[in-house]
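Order of listing sets the numbers, starting from 1, for every ligand and every atom in it. Each residue takes its place number in the sequence, starting with 1. Small disclaimer: the values here were computed from a predicted structure and weren't measured.
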Amino acid sequence: MADPRRAAAILGTQTKWVNGTVLHYSFFTAGHYAVPKKQADAIRGAFAKWKAIGVGLGFQEVSQLSEAEVRIGYSTADGSSASAVGRDVLTVPLSEPTTVYGWDLTTPYGSGTALHEIGHVIGMEHEHQNPFAGIKWHEQAVYDALAKPPNSWDHDTTFHNILEKLTAQQVQGSTWDPDSIMEYEFEPGLIDEPQQYDVNGLTPPGTLSAADKQWALKWYPPLQASLTALQPFQPAVLDLAAGQQVDFTIKPTSSRKYTIETKGASDTLLVLFEDINGVPRYLSGDDDSGDDRNAKITYKLFQGRTYTVRLRLFYPGASGHTSLMYS
Ligand SMILES: [Zn+2]
């Protein structure tokens with residue numbers, strides 16, 4: 001990709017879900033990752049806190065792991081808490097957890113952990129890796145501290161989770177938010193600069209900060225009550241900024257195979273849902289980001305049913321225009 005703005009826009013948008021997605025989550029109930037009931041309740045409560053911001057994402061618990069995008073495990077034996085980030089959860093094999101908790105989530109610290117991993121699930125990265133943070137580390141002290149229990153991390157894991165700087169596009173904003181739920185707690189002696197944290201350590205409050213809520217509402221604003229209907233063979237011309245999303249309904253007048261596709265040199269994520277009893281059910285998606293082709297879904301749609309098509313723009317391309325059509 002010759003255009004660095006295109007690469008940056010894709011990197012910054014790729015892990016975000018299309019707004020309006022209902023993420024199904026499920027708990028392991030047996031084996032190594034079995035989640036005790038009181039831990040599951042703490043995680044349910046954390047999903048409710050994220051939803052209470054007013055985000056257009058939905059979270060729905062299902063009993064079958066095989067039906068869940070987000071598969072949650074618990075293991076104090078492993079002792080670490082971690083999650084795949086955003087749409088990367090879809091790349092985790094179905095038999096494995098996407099999100100694992102490694103300690104008690106019913107303490108004040110644990111309730112922050114419950115929220116933090118869900119932050120990863122919706123596409124957030126670590127705030128201490130924000131390149132705008134200006135954090136200088138006592139690197140060897142960080143490796144030594146994290147090599148000890150409960151983390152027992154190897155060199156690469158510590159580098160990946162703490163020392164490695166993210167790109168400007170991967171983080172929440174242009175300034176550092178030490179109160180973010182995506183910030184870790186650090187003991188004194190690990191952060192060299194800003195110096196106050198070297199002396200006092202860093203103890204984030206473990207709750208959703210104002211900037212966390214802003215970020216969530218920017219990517220997942222409240223859903224519009226009614227959407228414009230896309231008409232067959234009539235392209236909708238769109239002028240979207242990088243990261244923006246547009247949604248349409250489709251109400252087919254006959255049952256047959258349809259093609260929904262974008263035109264133009266834009267990079268997009270196109271997702272098709274069917275409305276089933278008011279809940280959007282994912283049918284198909286196509287991500288053309290980084291490819292010189294258009295996003296395209298071919299799917300059999302049925303007369304009398306209602307579908308929603310959601311298009312998230314990664315990068316508008318040279319013309320700045322994208323169009324969407326179904327035929
Ligand atoms: Zn994390």
message: Restricting to under 2.8 Å, identify the protein N, O or S atoms around the Zn ion (ligand 1) as residue plus atom.
response: H116 NE2, H120 NE2, H126 NE2

field: Residue pairs involving residues 213-228 (criterion side-chain hydrogen bond (donor to acceptor under 3.5 Å, both in side chains); sequence neighbours excluded)
entry: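 Those involving residues 213-228 do not exist here.
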
- prompt: Is a side-chain donor-acceptor pair under 3.5 Å present for H160 with H126?
  reply: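 Their side chains do not contain a donor-acceptor pair, so the 3.5 Å distance test is not met.
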
message: Suppose we screen for salt bridge (Lys or Arg N to Asp or Glu O under 4.0 Å). Which residues come up paired with D286, at least two apart in sequence or across chains?
response: R293

- prompt: Would the Y184 and W137 ring centres measure less than 6.0 Å apart?
  reply: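 No, the ring of Y184 stays outside the 6.0 Å limit from the ring of W137, centre to centre.
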
message: Could you check whether Y25 and F47 have their ring centres less than 6.0 Å apart?
response: yes

query: Of all residues at least two apart in sequence or in a different chain, which pass the side-chain contact (heavy atoms from CB on, under 4.5 Å) check with L223?
result: N19, R310

